[in-house]
Amino acid sequence: MQTQDESHVIAERRNKLKALREQGVAFPNDVRPTHKAAELHAEHGEKPGEELEPQAVRVAVAGRMMLKRVMGKASFATLQDATSRIQLFIQREAIGEELYDAFKKWDMGDILSAEGTLFKTKTGELSVKVDVLRLVSKSLRPLPEKFHGLADQETKYRQRYVDLIMNEDTRKTFAARSRVVSAIRNFMTGHQFLEVETPMLHPIPGGAAAKPFTTHHNALDMQMFLRIAPELFLKRLIVGGFERVFEINRNFRNEGLSVRHNPEFTMMEFYAAYTDYKWLMDFTEECIRAAAIAACGTATVTYQGREVDLAKPFQRLTIVGAIKKYAPEYTDAQLDDVGFIRAELKAKWGIEALAHVGLGALQLALFEETAESQLWEPTYIIDYPVEVSPLARASDTIPGITERFELFITGREIANGFSELNDPEDQADRFRKQVEAKEAGDDEAMYYDADYIRALEYGMPPTGGCGIGIDRLVMLLTDSPSIRDVILFPHMRPEA
RNA sequence: GGGACGGUAGCUCAGUGGUAGAGCAGCGGACUUUUAAUCCGUUGGUCGUGGGUUCGACCCCCACCCGUCCCA
């Protein structure tokens with residue numbers, strides 16, 4: 001079927017495909033390459049031609065034709081497979097006039113298979129001298145221009161398949177992402193953590209302060225929520241006695257899009273009984289270091305032109321300590337003054353704090369405005385106030401403070417962890433306060449989760465728990481400026 | 001939500017009020033070791049969408065859509 005908006009290029013290719021169909025099977029499925037391009041370069045790339053050619057190494061390769069140079073009775077074509085590229089040398093004499101003429105009509109982007117022997121060209125490029133050549137999958141759509149490739153960011157995101165065909169950097173980024181995830185998984189299982197999967201559909205959204213997506217279960221005729229965090233389910237498993245669990249999976253938050261936010265994103269959350277937030281900080285640090293070494297081969301990485309040293313111990317600062325470091329103009333008295341901070345937030349940043357908000361939350365807001373973006377080197381911020389940490393254990397020594405940290409690197413939040421609140425009565429109180437806040441207009445406040453309270457009432461051992469934002473970590477480790485660069489299919493508005 | 005910038009051929013881009021351009025890709029031709037092959041010829045456009053100003057709009061004005069970045 002040819003539609004009107006198709007270019008001449010596509011129409012031309014459809015005609016070629018039609019001819020292929022008339023000749024027999026247009027999309028053969030019996031192609032069995034024996035070698036990948038990268039293997040060939042690794043095994044034979046260094047050999048001089050005089051050594052290679054007498055060996056007559058026979059290979060079968062397959063891949064997408066990315067370059068094609070026809071010079072009369074002989075041609076070069078470059079195939080790209082999952083690993084690399086390999087050049088084919090195709091002579092009319094070797095494959096016959098009929099096939100050679102057909103090859104001349106094949107297009108960039110077509111998927112080919114070839115068999116032949118390895119040799120080196122005049123300029124020393126490892127190539128296959130082809131004696132069997134097939135068109136395996138006809139490509140109907142023209143690829144982007146071979147030199148500049150695909151540059152348009154929007155098309156890279158909307159048509160990731162084209163981006164992956166054209167841009168090795170993109171392929172490398174997602175390969176690095178895969179290494180990060182498997183390094184983390186290995187690190188966790190190596191420390192006796194059990195990998196689990198908990199529900200994505202929640203009857204009550206919980207475990208974070210965020211707006212959920214809603215959906216509907218038809219058979220049960222009930223509203224459900226896509227999860228905003230797995231936290232409350234993972235802690236139920238701690239109650240159940242697993243003691244060390246982790247989950248790497250998607251969370252969904254109904255918020256805007258930005259270079260740091262995608263509505264669905266990947267978190268690892270882990271919980272370890274008989275640990276606390278101090279243990280978590282040491283452990284998280286090691287985990288991130290292991291991921292960096294897996295992805296980059298080093299723990300000293302460069303992000304957007306500036307070095308980040310993940311090898312040395314991460315700094316630790318309190319919220320107030322961080323404000324004093326990055327905004328030394330504030331006095332201790334001012335930082336203890338609810339009225340002052342409230343006025344300052346309003347005057348300098350136009351932030352209108354809700355009426356019920358206390359000193360701790362106001363200090364946190366001030367920290368976010370003055371210090372957060374400057375925390376380039378890995379820094380744990382500790383001493384989060386109880387009122388913004390409804391699931392964290394309160395400090396035994398400092399009133400109003402929890403045993404909680406957030407980790408910032410390159411000015412971005414990467415992880416959030418705390419000693420878990422395992423006192424069911426305290427937790428029930430905290431939930432009630434959240435419900436009050438929700439009623440007072442805080443639409444990110446939590447719901448009361450009665451089953452979670454029931455679970456805690458069976459007794460949960462003291463536990464440390466932490467979430468690591470995988471996408472943001474991958475951004476850091478792949479030097480990607482936008483979260484969309486590390487998510488294969490980022491969310492976009494529908495095409496016009 | 002606000003601001004800046006962008007959307008022109010399949011791709012990468014030029015064009016600033018007077019007949020829409022180049023390179024690559026495509027098509028036809030030459031060429032048996034090329035490397036973005038080269039050479040000759042050639043097809044291809046709702047200039048994001050809709051209004052407006054003007055004798056005349058890719059260009060100026062307004063609204064909208066999509067994107068990138070910054071801010072909230």
Side-chain angles (χ1 to χ4, degrees), chain A residues 2-17 19 49 52-53 64-80 84-97 100-101 103-110 116-131 138-159 161-163 165-167 255-261 304 345-346 348-353 365 368-369 372-373 411 480-485 490-496:
Chain A
Q2 192 172 317
T3 57
Q4 277 192 328
D5 62 340
E6 280 185 334
S7 71
H8 292 106
V9 179
I10 295 177
E12 186 73 39
R13 290 184 179 208
R14 278 190 200 279
N15 287 336
K16 290 176 181 177
L17 175 59
L52 186 61
E53 279 153 49
R64 192 181 296 276
M65 181 159 63
M66 301 301 291
L67 293 169
K68 180 187 177 191
R69 296 178 285 278
V70 176
M71 302 163 301
K73 299 180 185 67
S75 297
F76 288 95
T78 301
L79 294 193
Q80 175 171 292
S84 184
R85 291 180 170 196
I86 184 76
Q87 181 170 264
L88 307 181
F89 182 52
I90 300 154
Q91 295 167 104
R92 190 174 76 173
E93 206 172 82
I95 63 167
E97 189 165 349
Y100 190 79
D101 286 345
F103 163 76
K104 286 200 283 187
K105 296 197 181 308
W106 297 351
D107 293 295
M108 305 275 242
D110 286 351
T117 53
L118 293 179
F119 78 108
K120 284 281 184 79
T121 63
K122 266 185 193 166
T123 51
E125 179 165 347
L126 182 68
S127 307
V128 180
K129 191 167 287 181
V130 172
D131 48 54
K138 184 67 197 164
S139 167
L140 295 178
R141 290 184 180 268
L143 290 175
E145 191 241 12
K146 63 192 171 190
F147 187 57
H148 298 94
L150 179 64
D152 183 65
Q153 277 298 333
E154 181 175 353
T155 311
K156 280 163 66 83
Y157 298 148
R158 287 194 194 274
Q159 294 181 252
Y161 35 90
V162 180
D163 185 26
I165 291 169
M166 297 308 295
N167 295 117
E255 55 197 19
L257 305 165
S258 82
V259 288
R260 290 174 299 277
H261 298 88
Q304 303 296 291
L345 287 169
K346 178 81 168 61
K348 278 209 182 135
W349 298 282
I351 296 169
E352 196 103 43
E368 285 170 355
E369 296 306 324
E372 180 173 320
S373 65
S480 299
S482 169
I483 197 168
R484 289 180 158 179
D485 297 323
H491 285 285
M492 306 283 281
R493 286 195 169 78
E495 284 179 76

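Here is how names work: the chains are called A, B, and so on, in the same order as the sequence lines, proteins then strands, and each is numbered from 1.
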Is any side-chain heavy atom of A:S482 less than 4.5 Å from a side-chain heavy atom of A:Y157?
-> yes
For A:Y100, answer base if it contacts any base atom (sugar-phosphate contacts may also be present), sugar-phosphate if it contacts only those atoms, and nothing otherwise; contact means non-hydrogen atoms under 4.0 Å.
-> nothing
Atom-to-atom span, CD of A:E372 to P of B:C71 - whole angstrom | 12 Å
Give the rounded distance in Å between these two atoms: CZ of A:R260 and C1' of B:A72.
-> 12 Å
Side chains of A:R69 and A:Q87: donor-acceptor distance under 3.5 Å anywhere?
-> yes
Using the C1' atom on both, measure B:G45 against B:C13 and round to a whole Å.
-> 15 Å
Please tell me which of A:K120 and A:V259 maps to the more 5' nucleotide of RNA chain B, matching each residue to the nucleotide holding its nearest heavy atom.
-> A:K120
Measure the acute angle between the ring planes of A:F103 and A:Y100, then classify it against the limits of 30° and 60° as parallel, tilted or perpendicular.
-> tilted
Look at the side chain of A:E369 and the backbone N and O of A:W349, then say whether any donor-acceptor pair between them is shorter than 3.5 Å.
-> no
Classify the nucleic acid contact of A:M492 as base, sugar-phosphate or nothing, counting any heavy atom under 4.0 Å across all strands shown.
-> sugar-phosphate
What are the two closest heavy atoms between A:V70 and A:S75, and how far apart are they?
-> CA-OG, 3.4 Å
Whole angstrom value for the distance that separates P of B:A9 from CD1 of A:I10 | 14 Å
With a 4.0 Å cut-off on heavy atoms, is A:G149 in touch with a base, just the backbone sugar-phosphate, or nothing at all?
-> sugar-phosphate
Hey, is A:D107 close enough to A:K138 for a salt bridge, meaning N to O under 4.0 Å?
-> yes
Output yes when at least one side-chain N/O atom of A:K146 is less than 4.0 Å from OP1 or OP2 of B:A25, else no.
-> yes
Could you give the distance separating B:U46 and B:C59 at their P atoms, to the nearest angstrom?
-> 16 Å
Give the rounded distance in Å between these two atoms: CD of A:E154 and C1' of B:G10.
-> 16 Å
Does A:R484 put a side-chain nitrogen or oxygen below 4.0 Å from OP1 or OP2 of B:U68?
-> yes
Does a side-chain N or O from A:R69 land closer than 4.0 Å to OP1 or OP2 of B:U38, or not?
-> no
How would you label the contact of A:L67 with the nucleic acid (heavy atoms, under 4.0 Å): base, sugar-phosphate, or nothing?
-> sugar-phosphate
Which whole number of Å gives the distance between the P atom of B:U34 and that of B:U49?
-> 46 Å
Would you mind pulling out the nucleotide paired to B:A57, Watson-Crick or G-U wobble, both distances under 3.5 Å?
-> none
Report the distance from atom CG of A:L150 to atom P of B:G67, rounded to the nearest whole Å.
-> 16 Å
Rounded distance in Å between the P positions of B:U54 and B:G41 | 45 Å
More 5' along RNA chain B: A:T78 or A:M108, using each one's nearest nucleotide?
-> A:M108
Base-pairing mate for B:U68 - Watson-Crick or G-U, with both contacts under 3.5 Å = B:A4
Separation of the C1' atoms in B:G44 and B:U8, to the nearest angstrom = 14 Å
Partner of B:A63 under the Watson-Crick or G-U wobble criteria, both distances under 3.5 Å, comes out as B:U49
Just compare B:A25, B:U33, B:U32 and give me whichever is closest to any side-chain atom of A:P142.
-> B:A25
Rounded distance (nearest 0.5 Å) linking atom CD of A:E53 with atom OG1 of A:T117 = 8.0 Å
Look through every strand shown and name the nucleotide pairing with B:C31 as Watson-Crick or G-U wobble, where both distances are under 3.5 Å.
-> none
Quick one: is B:U32 close enough that its OP1 or OP2 comes under 4.0 Å of any side-chain N or O from A:K129?
-> no
Complementary nucleotide of B:A9, counting Watson-Crick and G-U pairs under 3.5 Å = none
Assign A:K16 to base, sugar-phosphate, or nothing according to its heavy-atom contacts below 4.0 angstrom with the strands shown.
-> sugar-phosphate
Nearest-neighbour nucleotide for the A:P144 side chain, B:U34, B:U68, B:C11 considered | B:C11
Rounded distance in Å - CZ (A:R493) to P (B:G7) | 19 Å
Figure out the NE2/P separation between A:H8 and B:C11, and round it to whole Å.
-> 15 Å
So which nucleotide from B:U32, B:U33, B:U34 ends up closest to the side chain of A:S127?
-> B:U34
Which nucleotide in B:U34, B:U32, B:G26 has an atom nearest any side-chain atom of A:A74 | B:U32
When rounded to the nearest Å, what value does the distance between C1' atoms of B:U42 and B:G18 take?
-> 28 Å
Quantified in whole Å, what is the C1' atom distance between nucleotide B:A14 and nucleotide B:A22?
-> 7 Å
Is the closest side-chain donor-acceptor distance between A:R64 and A:Q80 under 3.5 Å?
-> no
Could you check whether A:Q91 gets within reach of a base, just the sugar-phosphate, or nothing at all, counting any heavy atom under 4.0 Å?
-> base
What's the closest nucleotide to the A:A151 side chain, out of B:C13, B:G23, B:C27?
-> B:C13
N/O (side chain, A:R158) to phosphate O (OP1/OP2, B:G67) under 4.0 Å | yes
Integer angstrom distance from the C1' of B:C27 to that of B:G2 | 50 Å
Nearest to the side chain of A:E145 - B:A36, B:G26, B:C11?
-> B:C11
Separation of atom CD1 in A:I165 from atom P in B:A25, rounded to whole Å = 17 Å
